[in-house]
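Reading through the structure tokens given below for one structure.
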Amino acid sequence: MAMEAYQAANKLAQKAYRSAVNHGEYPYLQSLDDFLPYEKTAGEQYIGVIEIPLHLVVGTKTAGRQNSFANNFMPLLGEESEFARKWADLYESQLEEGVRDPIVAYEYMHRFYVLEGNKRVSVLKSLKAVKISAKVTRILPKKTDELQNKIYYEFMDFYDDTAIYDIWFSQQGSYDKLIRYYGYQKGQTWEAEDRTALRSDFRCFRKEYKAKGADKINITSGDAFLAYIDIFPAWQLKTLSSEEIRQNLTKMWDEFLTLAQNKSMKILLEPQQNEKPKAPSGLTLLSRFLGADAKQLKIAFIYEKSVDDSAWNYAHEMGRMHLEQVFGDKVHTSIYEHAEYTDNSEDILEAAIRDGNKIIFTIAAQLANASVKAAVKHPDIKILNCSTNSTYRAIRTYYCRMYESKFLLGLMAGALSETNELGYVANYPIYSSIADINAFALGAQMVNPRAVVYLRWSSVIGDEEKGWPQSVHLISDKDWINPEHPTRKYGLYRRYPDNRIENIAASICHWGKLYELLIRSILQNTWKVDDEKNKNRALNYWWGISAGVLEIVCSQKLPDGTKLLIDTFTESIRRNEFSPFECTLTAQDGTVTNEAKNWMKPENIFKMNYLANNVEGRIPKMDELKDDAKEFVRLQGGL
């Protein structure tokens, strides 16, 4: 029986060997000493005797025995060899007593290389074992700016807290997200029962994920696991049947494919102009979308709190009313409030779906996660979240290109300034918000080369209390006013020594127009066209002045010349003849990130992580933020 097992393993080795040769790959085991120069390492660390995952054992430490095995660790030598006899004896011993002595292995970059015990690894791999006991020494890589190196250092912190080797990610920040899911913080040692729970959850998931066809997707099992438990709670893995888990995986499959794309999000800058659809006689756009018997399209608006508690919610409520005015009795809209807590938000989304709503707008970035969960479970419902960043294909996100209006406000401030020094109050350090700051700074610099912008953050502890230099009279502040705390400190305003405020201009997002365009895109089938053009991509609508969803409202006291300047640039932006980032942009460190007359790519604008050289201030770190801001930044993609 043992020799028959060797013959079977040898056939697998020969097959792997031929496949590697045919594909121009190395057919034997990797040798760590052959590809890892000493100068690339930063020392060694003895981990101890631990159970290591066999699928992470990929080679040998030295070149001594590597040619005895194919690259899948199966034995290559003939069955008449002494090697074959020892392998068969070890196989028989394993079946009777198990492998008692730990192997000796080195770990480098989350992979294991065997110094002693290659045959034991080969036997256990042939038996499809999961773990093996090993005396492990870790070889530390020198720190670099390479992504894999940064992820590995995050893994080492994770291992120090959990003693778990199984899980590997391909994106920075994933380990931190995972430990927070299980209720821990970085640097906090896990309780034994929680370590066991995570191991069990991950193995249960990985088994079904592999059976479903994970090898066809270019992401790690850790990436897929983290995405899965974002939608379906990890604790359910112990209670669901294999078939139920696979059904959930089927619902998630498009999200896994999206994760595998390096270009995870597609930014759509303009509403699609579709030809008038040809429909059978008597069919309206609505009936083609809902069916011939449809009378009304039901649309839900879900607010994190109440409609009346903020200008943000009130502006979107005006947008909802605009839909009813434009579409009349063809649509029926309804609102759902107070979805501020996780369980509550998921319940409210489910209630909106039960009520027959086919399109749902969730009006806060904090509702993005609940939106994704509902969308994955109900793929026939179209759910859109008002935010600037999503890696999920199940929902679409939307927002106004605020940097265009901020550029115009910067032009205005630079033209009106008597001191060359301006103020700017930013909210959260998230994707797209840095572009807003830089656009304002560029606008000011265009008309006033000496303009300097002093930056404050409303989300940073104590930053707003710092005050402004006496020479700062013109300040760009928040775009919306909270009715509970009314103030004239919004838009671009002038402050006087006696604390009087004079409002000069403000950005206006026409949410109603944006919602109208989105509904028309669904009814006219351009939604589907966008989907087909962008397979396995998360989609974000980022519309601006050219779409008619954004404008500047100016004070009547604005000088005529300045008003003409603003009108001229507004019209150029509207016609797509000019972009605020068509200018030379130099970062604070002196790096030129864009040359004059070059149109910066939308993705580069969206994900700016540096400030212009005429900005006095910096992008805050996570630990400097107020508690409520930290979670918002994590959701939106913090810098």
*Can you check side chain to side chain donor-acceptor pair (under 3.5 Å) on His378 and Glu350, steps first, answer last?*
CA-CA 9 Å; His378 304 279; Glu350 290 294 333; 3.0 Å; yes
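- Remark: Met109 CE to Leu36 CG distance equals 10.0 Å, nearest 0.5 Å.
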*asked:* Using side chain to side chain donor-acceptor pair (under 3.5 Å), reason through Asp33 and Thr62 one step at a time and then give a plain yes or no.
replied: CA-CA 6 Å; Asp33 288 347; Thr62 63; 5.4 Å; no
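- Taking the six-membered ring wherever Trp is involved, the centroid distance between the rings of Tyr209 and Phe225 does not fall below 6.0 Å.
- Of the options Thr189, Asp176, Asp161, Asp194, a side-chain hydrogen bond (donor to acceptor under 3.5 Å, both in side chains) to Tyr184 is made by Asp194 and by none of the others.
- For the pair Met74/Tyr17, no side-chain contact is recorded, criterion being any heavy-atom separation below 4.5 Å from C-beta on.
- Summarising the geometry of Ile434 relative to Tyr610, their closest heavy-atom pair is CG2-O, 3.1 Å, with the distance given to 0.1 Å.
- Using a distance-only test at 3.5 Å, with no hydrogens or angles considered, a donor-acceptor pair links the side chain of Thr250 to the main chain of Arg246.
- Ala13 and Pro75 get closest at one heavy-atom pair: CB-O, 3.1 Å.
- Judged by the 6.0 Å distance and 45° axis criteria, Arg180 is not positioned over the aromatic ring of Tyr175.
- Proximity of a side-chain donor or acceptor of Glu255 to a complementary backbone N or O of Met252 within less than 3.5 Å is not detected.
- Using a 30° and 60° split on the angle between ring planes, Tyr152 and Trp168 fall in the tilted class, from 30° to 60°.
- Applying the side chain to side chain donor-acceptor pair (under 3.5 Å) definition to pairs two or more places apart or across chains, those involving residues 223-240 are Ser170-Asp223, Lys177-Asp230, Asp201-Lys238, Thr220-Asp223, Tyr228-Asn248, Asp230-Asn369, Asp230-Tyr392.
- Side-chain atoms of Leu455 and Trp457, non-hydrogen and from C-beta on, do get closer than 4.5 Å to each other.
- Atom-to-atom distance recorded for Leu539:CG and Ile395:CD1 is 11.0 Å, nearest 0.5 angstrom.
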*May I have the step-by-step check of side chain to side chain donor-acceptor pair (under 3.5 Å) for Ser387 and Asn385, ending in yes or no?*
CA-CA 6 Å; Ser387 60; Asn385 177 252; 2.6 Å; yes
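- Closest approach of Phe169 and Ser174 over heavy atoms only: CG-CB, 3.3 Å.
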*Evaluation steps, salt bridge (Lys or Arg N to Asp or Glu O under 4.0 Å), between Asp166 and Lys131*: CA-CA 10 Å; Asp166 306 53; Lys131 296 278 189 178; 3.0 Å; yes
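- No more than 12 heavy atoms of other residues, nucleotides or ligands sit less than 6.0 Å from atom CD of Glu146.
- Heavy-atom minimum distance, Gln14 versus Leu76: NE2-O, 3.4 Å.
- Centroid-to-centroid, the aromatic rings of Trp87 and Phe83 stay 6.0 Å apart or farther.
- In summary, the aromatic rings of Tyr159 and Tyr165 are positioned with their centroids under 6.0 Å apart.
- Here the straight-line distance linking atom CD of Gln171 with atom CG of Leu226 works out to 10.5 Å at 0.5 Å rounding.
- A donor-acceptor contact shorter than 3.5 Å links the side chain of Glu624 to the backbone of Lys621.
- For the pair Lys61 and Tyr106, the distance from NZ or CZ to the six-membered ring centre is under 6.0 Å and the angle to the ring normal is within 45 degrees.
- Taking the six-membered ring for Trp, Tyr153 and Phe155 have ring centres at least 6.0 Å apart.
- Ring pair Tyr182/Trp190: centre-to-centre distance below 6.0 Å.
- Closest of all the heavy-atom pairs between Val49 and Pro102 is CG1-CB, 4.3 Å.
- Between Glu82 and Arg85, at least one side-chain N (NZ, or NE/NH1/NH2) sits under 4.0 Å from a carboxylate O, which counts as a salt bridge.
- Counting heavy atoms of neighbouring residues, nucleotides and ligands inside a 6.0 Å radius, atom CG of Asn218 does not exceed 12 of them.
- Side-chain atoms of Tyr113 and Gln66 form no donor-acceptor pair, as typed in the model, at a separation below 3.5 Å.
- The distance from atom CD of Gln188 to atom OG1 of Thr162, rounded to the nearest 0.5 Å, is 12.5 Å.
- Rounding to the nearest 0.5 angstrom, the gap separating the CG atom in Leu384 from the CD1 atom in Ile363 is 9.0 Å.
- With rounding to the nearest 0.5 angstrom, the OG1 atom of Thr144 is 8.0 Å from the NZ atom of Lys150.
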